[in-house]
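Every value quoted in this text rests on a predicted model; they were computed, and no experiment measured them.
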Amino acid sequence: MTTVQKRPAVNTFDNGFISRLQKQLPNFIPPAIAILIFLVVWQLFSWTPGATLPGPIKVIQDTWILIFWPFYDRGGIDKGLFWQILASLQRVAISYSLAAIVGIGLGILIGVNQTMSKALDPIFQLLRTVPPLAWVPISLAALRQNEPAALFVIFITAIWPILINTAVGVTQIPQDYNNVAKVLQLSKKEYFLNILIPAALPYIFTGLRIAIGLAWLAIIAAEIVMSGIVGIGFFIWNAYQNNAVSEVILALVYIGVVGLLLDKFMVWIQTLILPAEQK
């Protein structure tokens with residue numbers, strides 16, 4: 001009687017993971033090489049006579065506690081980078097959400113109403129060109145407190161791309177869609193939910209992606225000049241005042257990483273909501 005040897009089961013999960021990794025590897029190699037070259041050039045530059053900017057090695061040596069333990073909390077504003085980033089993200093979340101609600105609402109209003117568009121467009125075009133830092137003294141003078149002033153600076157910076165892109169999306173609705181709505185005699189609610197919003201969504205998400213980056217930039221600017229509040233912007237300013245340049249550089253890395261993650265998060269939300277043909 002012959003015995004049949006059983007072949008070991010193939011781990012399809014491992015094979016699938018390895019195959020995906022092999023496909024993605026060419027996408028990771030070029031940026032990894034570019035980052036390595038940048039770090040080497042930066043380190044060599046820091047070794048030149050008279051250079052005052054610390055190199056990567058010096059930055060790690062000076063900030064290893066901040067890098068490996070960002071969760072410390074000694075009270076007041078003496079907190080790790082995790083808490084500094086978290087405080088800034090909370091301000092961004094509040095103001096960005098409000099900017100999205102107001103911006104989309106006003107964008108739809110001026111998109112469907114030509115009279116309102118002509119009346120408000122000059123004001124919007126004027127205000128949207130004001131830099132975030134220019135709003136800081138106005139917000140402080142009006143609100144008298146750092147926290148509400150910081151929230152207002154983020155809001156007023158983030159609202160414009162959302163508002164403008166929403167308005168453009170509404171005005172770009174194909175006339176065929178409007179004709180179909182008239183033929184079917186859709187109510188205003190049905191037109192809004194079934195025609196206007198789906199057609200304008202790609203433009204709205206474009207505005208939302210731009211606005212999240214501007215909101216993150218605005219919170220840094222607002223916190224730098226508003227003393228006494230926990231946040232990554234004030235952390236940078238405080239480190240600069242104490243001549244801790246390595247901490248400033250580390251904070252910049254954190255800011256860049258968080259900004260990238262925020263943008264990727266918005267892209268992920270967009271893939272969940274928008275139909276594939278509209279992405």
Side-chain angles (χ1 to χ4, degrees), residues 35 38 66 70 77 79 81-104 106-107 124-143 145-166 168 203-241 244-245 247-270:
I35 292 173
F38 171 76
L66 291 172
I77 60 173
K79 301 179 186 293
L81 283 174
F82 172 82
W83 304 110
Q84 306 284 355
I85 292 287
L86 182 61
S88 296
L89 284 175
Q90 288 174 341
R91 296 186 183 102
V92 168
I94 294 171
S95 297
Y96 177 76
S97 299
L98 185 59
I101 295 171
V102 177
I104 293 174
L106 283 177
F124 292 159
Q125 295 299 331
L126 175 68
L127 295 179
R128 74 180 185 86
T129 59
V130 178
L133 278 175
W135 288 107
V136 173
I138 298 297
S139 60
L140 284 173
L143 301 173
Q145 295 181 358
N146 285 346
E147 190 70 26
L151 295 177
F152 174 78
V153 171
I154 306 168
F155 168 81
I156 201 68
T157 304
I159 191 174
W160 306 120
I162 302 174
L163 189 155
I164 293 173
N165 278 276
T166 301
V168 171
Y203 295 89
I204 293 174
F205 269 105
T206 299
L208 291 173
R209 284 189 64 186
I210 297 173
I212 194 66
L214 292 178
W216 187 236
L217 293 176
I219 187 58
I220 305 305
E223 290 176 348
I224 282 178
V225 296
M226 294 178 180
S227 61
I229 60 176
V230 177
I232 190 64
F234 180 72
F235 176 88
I236 291 176
W237 181 248
N238 189 53
Y240 171 75
Q241 293 288 85
V245 181
E247 294 184 5
V248 174
I249 295 174
L250 178 64
L252 293 179
V253 175
Y254 271 77
I255 291 170
V257 171
V258 172
L260 177 63
L261 292 177
L262 288 175
D263 182 73
K264 295 300 182 182
F265 175 74
M266 288 305 305
V267 173
W268 178 70
I269 294 295
Q270 181 176 353

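At a threshold of 4.5 Å between non-hydrogen side-chain atoms, the residues Ile255 and Ile236 count as touching. Counting heavy atoms from C-beta outward, Ile204 and Ile104 have side chains that approach closer than 4.5 Å. Side-chain contact check for Leu140 versus Asn146: some heavy-atom pair is nearer than 4.5 Å. Under the 4.5 Å side-chain criterion, counting only non-hydrogen atoms from C-beta, Phe205 is not in contact with Val267. Side-chain contact check for Ile164 versus Gln125: some heavy-atom pair is nearer than 4.5 Å.
Contact record, Lys79 with Gln84: O-NE2, 3.3 Å, taken as the closest heavy-atom pair. For the residue pair Ala218 and Ile154, the shortest heavy atom distance occurs at CB-CA, 4.1 Å. The two residues Gly231 and Arg91 have their closest heavy-atom pair at CA-NH1, 4.0 Å. In plain terms, the two heavy atoms of Val136 and Ala222 that are nearest each other are CG2-CA, 4.3 Å. Annotation for Ser139 and Val153: closest pair OG-CG2, 3.6 Å, computed over non-hydrogen atoms. Residue Ile232 comes nearest to Ser88 through the heavy atom pair N-OG, 2.9 Å, listed as atom of the first residue, atom of the second, then distance.
Listed for the Ser95 side chain is a donor-acceptor partner under 3.5 Å among the backbone atoms of Leu151. Side chain of Asn165 to main chain of Pro161: a donor-acceptor pair is present (N/O by atom type, distance under 3.5 Å, no hydrogens or angles).
Atom NZ of Lys264 and atom CD of Gln270 lie 12.0 Å apart (nearest 0.5 Å).
For Tyr240 and Trp237, the distance between ring centers is under 6.0 angstrom.
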Pair Leu208-Tyr96, side-chain contact (heavy atoms from CB on, under 4.5 Å): steps then yes or no: CA-CA 9 Å; Leu208 291 173; Tyr96 177 76; 3.3 Å; yes
Trp216 and Leu89: CA distance, side-chain angles, deciding distance, side-chain contact (heavy atoms from CB on, under 4.5 Å) verdict: CA-CA 8 Å; Trp216 187 236; Leu89 284 175; 3.7 Å; yes
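In this view, Phe124 and Trp160 satisfy the ring pair (Phe, Tyr, Trp, His ring centres under 6.0 Å) rule, not counting sequence neighbours.
Note on residues 128-138: no pairs pass salt bridge (charged side-chain N to carboxylate O under 4.0 Å, His left out), not counting sequence neighbours.
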